Chemist: 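Structure below; questions to follow.
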Amino acid sequence: MKIAKSALLLALCLGLSATASAKVTVFAAASMTDALQQIADQYQKEKPDDQVVFSFASSSTLAKQIEEGAPADLFVSASNKWMKYLSDKNLTVKETEKVLVGNELVLIAPANSAANTVDLAKGEWIGGLKDSYLSVGDPAHVPAGQYAEEALTKLNLWDQVKDKLARAKDVRGALALVERAEAPYGIVYSTDAKVSKAVKTVAVFPQDSYKAVEYPVAILQEHDNAETRAFLNYLQSDAAKKVFVEYGFSVK
């Protein structure tokens, strides 16, 4: 009787393991939030037994968490710098490293702001900060903030604004301050501005004023399996590219 019960329990366990959902954990740059969630929803309709979960934050924050052992399967960075950081530590499956999409940098203002179009190079808009601050991802570690510093330096404006920065923990934090009109201007990616009805784009930074914004993706070491490969392949599919383009990303 005990043998029969043991056999039944084993059969049930095997059955449960065979039908259990496969989970893919993706650590991704905050600016990818909306696009990746929509792509994951599409993917799970095609593969209902698969589950995709996300952790969104600044690329630097995520890279450090991965370095410390966080259980991520895929990493999508808003900067080649942080992908290289993990790659140099042999924490990525190097053959899977590739650029997924591109983006561009814009200056935003609250939707009800009197400012509609700004001449970035002249710098007159800086006077509009008055006693307030320019909202940016913290240039000390947030890629969007680092691109912003590079662009403002190239335009000879950095010295005028470096002491008037509201330094957010990631690009979505920078967006939120402008959405709430707590900052008259902010620097974010064009895709962030596009998903918000509370802000408007008042200027686009010249592409030659900062390094090309590229989002590399890679599978992480010890997480290279069929489920992770399948979602990575889907991220590069025509269906996923269509979503990326709808959100304003550039694809190849």
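Both backbone and side-chain heavy atoms feed into the values below; hydrogens, waters and symmetry mates do not. Computed from a predicted structure; not experimentally measured.
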Chemist: Would you give the length of the straight line joining atom CG of L157 to atom CG of L120, rounded to the nearest 0.5 angstrom?
Modeler: 7.5 Å

Chemist: Would E149 and Y210 satisfy side chain to side chain donor-acceptor pair (under 3.5 Å), going step by step from the backbone distance to the final call?
Modeler: CA-CA 9 Å; E149 179 178 353; Y210 58 98; over 6 Å; no

Chemist: Start with the C-alpha distance between K169 and D138, add both sets of side-chain angles, then the distance that settles salt bridge (charged side-chain N to carboxylate O under 4.0 Å, His left out), and finish with yes or no.
Modeler: CA-CA 6 Å; K169 66 179 182 179; D138 189 346; over 6 Å; no

Chemist: Does K242 qualify as a cation-pi partner of F244, given the criterion of NZ or CZ under 6.0 Å from the six-membered ring centre and within 45 degrees of its axis?
Modeler: no

Chemist: Could you tell me the separation between the CZ atom of F27 and the OG1 atom of T61, rounded to the nearest 0.5 Å?
Modeler: 11.0 Å

Chemist: Are any non-hydrogen side-chain atoms of V93 and L220 less than 4.5 angstrom apart?
Modeler: no

Chemist: May I have the step-by-step check of side chain to side chain contact (heavy atoms under 4.5 Å, CB included) for V202 and T117, ending in yes or no?
Modeler: CA-CA 5 Å; V202 294; T117 304; 6.0 Å; no

Chemist: In terms of side-chain heavy atoms, does N103 have a donor or acceptor partner in S31 at a distance below 3.5 Å?
Modeler: no

Chemist: Between K122 and E124, does any NZ, NE, NH1 or NH2 come within less than 4.0 Å of an OD or OE carboxylate oxygen?
Modeler: no

Chemist: Do the non-hydrogen side-chain atoms of L175 and V199 ever get within less than 4.5 Å of each other?
Modeler: yes

Chemist: Could you pull out every donor-acceptor pair under 3.5 Å between side chains of residues 128-137 and any protein atom, sequence neighbours left out?
Modeler:
residue : atom : partner : partner atom : Å
S135    : OG   : A174    : O            : 2.8

Chemist: Going by an N to O cut-off under 4.0 Å, is there a salt bridge joining D34 and R172?
Modeler: yes

Chemist: When you measure from the side chain of S77 to the backbone N and O of P216, does any donor-acceptor pair fall under 3.5 Å?
Modeler: no

Chemist: Quick one: pull up CG in D73 and OG1 in T25 and give me the separation to the nearest 0.5 Å.
Modeler: 5.0 Å

Chemist: Could you tell me whether the side chain of Q44 and the main chain of V52 form a donor-acceptor pair under 3.5 Å?
Modeler: yes

Chemist: Quick one: does Y189's side chain have a donor or acceptor within less than 3.5 Å of a partner on A144's backbone?
Modeler: yes

Chemist: Would you check if K200 and I108 make a side-chain contact, meaning some heavy-atom pair closer than 4.5 Å?
Modeler: no

Chemist: Applying the 4.5 Å side-chain criterion to the ILVMFWY set and letting contacts propagate, would V99 and L36 be lumped into a single cluster?
Modeler: no

Chemist: Passes side chain to side chain contact (heavy atoms under 4.5 Å, CB included), E227 versus K23? Steps please.
Modeler: CA-CA 8 Å; E227 293 78 19; K23 185 172 78 171; over 6 Å; no

Chemist: Do the side chains of F75 and V101 join up, straight or via other hydrophobic residues, at under 4.5 Å, putting them in one cluster?
Modeler: no

Chemist: Check whether the side chains of E97 and S87 place a donor and an acceptor atom closer than 3.5 Å, and report yes or no.
Modeler: yes

Chemist: What are the two closest non-hydrogen atoms of F231 and A40, and how far apart are they?
Modeler: CE1-CA, 4.3 Å

Chemist: Output the distance between atom CD1 (I66) and atom NE2 (H223), rounded to the nearest 0.5 Å.
Modeler: 9.0 Å

Chemist: Hey, mind stepping through S58 and S60 against side chain to side chain donor-acceptor pair (under 3.5 Å) and telling me if it holds?
Modeler: CA-CA 5 Å; S58 166; S60 60; 3.0 Å; yes

Chemist: Has Q51 got a side-chain atom pairing as donor or acceptor with A22's backbone, closer than 3.5 angstrom?
Modeler: no

Chemist: So does A115 get a backbone contact from the side chain of S113, meaning a donor-acceptor N/O pair under 3.5 Å?
Modeler: yes

Chemist: Is there side-chain contact between E179 and K197, with heavy atoms separated by less than 4.5 Å?
Modeler: no

Chemist: Under 4.5 Å between side-chain heavy atoms, counting indirect links through other Ile/Leu/Val/Met/Phe/Trp/Tyr residues: same cluster for L74 and W82 or not?
Modeler: no

Chemist: Using a 6.0 Å cut-off, check whether atom NZ of K211 has over 12 heavy atoms from anything other than its own residue.
Modeler: no

Chemist: Could you check whether any side-chain heavy atom of V26 comes within less than 4.5 Å of a side-chain heavy atom of F56, counting everything from C-beta outward?
Modeler: no

Chemist: Quick one, K81 and P143 - any side-chain contact, counting heavy atoms below 4.5 Å?
Modeler: no

Chemist: How close do F205 and A151 get, counting heavy atoms only, and between which atoms?
Modeler: CD2-CB, 3.7 Å

Chemist: Measure across A203 and V118 and return the closest heavy-atom pair with its distance rounded to 0.1 Å.
Modeler: CB-O, 3.6 Å

Chemist: Answer yes or no: is there an ion pair linking E95 with R229, defined by an N-O contact shorter than 4.0 Å?
Modeler: yes

Chemist: Is it true that a side-chain atom of S196 and a backbone atom of A193 form a donor plus acceptor pair closer than 3.5 Å?
Modeler: no

Chemist: With ring centroids as reference points, do Y43 and Y234 lie under 6.0 angstrom apart?
Modeler: yes

Chemist: Counting C-beta onward and ignoring hydrogens, is there a side-chain heavy-atom pair between L62 and S55 closer than 4.5 Å?
Modeler: yes

Chemist: Tell me whether E182 at atom CD has more than 12 heavy atoms from other residues, nucleotides or ligands lying less than 6.0 Å away.
Modeler: yes

Chemist: Of all heavy-atom pairs between L235 and A240, which one has the smallest distance, and what is that distance?
Modeler: O-CB, 3.5 Å

Chemist: Please answer whether the main-chain N or O of A230 pairs with a side-chain N or O of N233 as donor and acceptor at a distance below 3.5 Å.
Modeler: no

Chemist: Taking atom NZ of K241 as the centre, does the number of heavy atoms from other residues, nucleotides or ligands within less than 6.0 Å exceed 12?
Modeler: yes

Chemist: If I compare all heavy atoms of G248 with all of S190, which pair ends up nearest, and what's the gap?
Modeler: O-OG, 4.2 Å

Chemist: Quick check: is M32 connected to I219 through a chain of hydrophobic side chains (ILVMFWY, heavy atoms under 4.5 Å apart)?
Modeler: yes

Chemist: Would you sort out whether V243 and Q42 count as a side chain to side chain contact (heavy atoms under 4.5 Å, CB included), showing the intermediate values?
Modeler: CA-CA 10 Å; V243 175; Q42 289 182 179; 3.4 Å; yes

Chemist: Nearest 0.5 Å please: distance from the CD atom of E67 over to the OH atom of Y85.
Modeler: 3.0 Å

Chemist: Which distance, rounded to the nearest 0.5 Å, do you find between the CG of D88 and the CE of M83?
Modeler: 12.0 Å

Chemist: Would a distance-only check, ignoring hydrogens and angles, find a side-chain to backbone donor-acceptor pair under 3.5 Å from K194 to E246?
Modeler: yes

Chemist: Taking side chain as C-beta onward, heavy atoms only, is L107 less than 4.5 Å from T201?
Modeler: no

Chemist: For the residue pair F249 and Y247, is the inter-centroid distance of their aromatic rings smaller than 6.0 Å?
Modeler: no

Chemist: Is it possible for you to say whether Y215 and I187 belong to one hydrophobic cluster, with membership spreading through side-chain heavy-atom contacts below 4.5 Å?
Modeler: yes

Chemist: Would you confirm whether D170, through its side chain, and A30, through its main-chain N or O, come within 3.5 Å as a donor-acceptor pair?
Modeler: no

Chemist: Is it true that, when you exclude K94 itself, more than 12 heavy atoms of the residues, nucleotides or ligands shown sit nearer than 6.0 Å to its NZ?
Modeler: yes

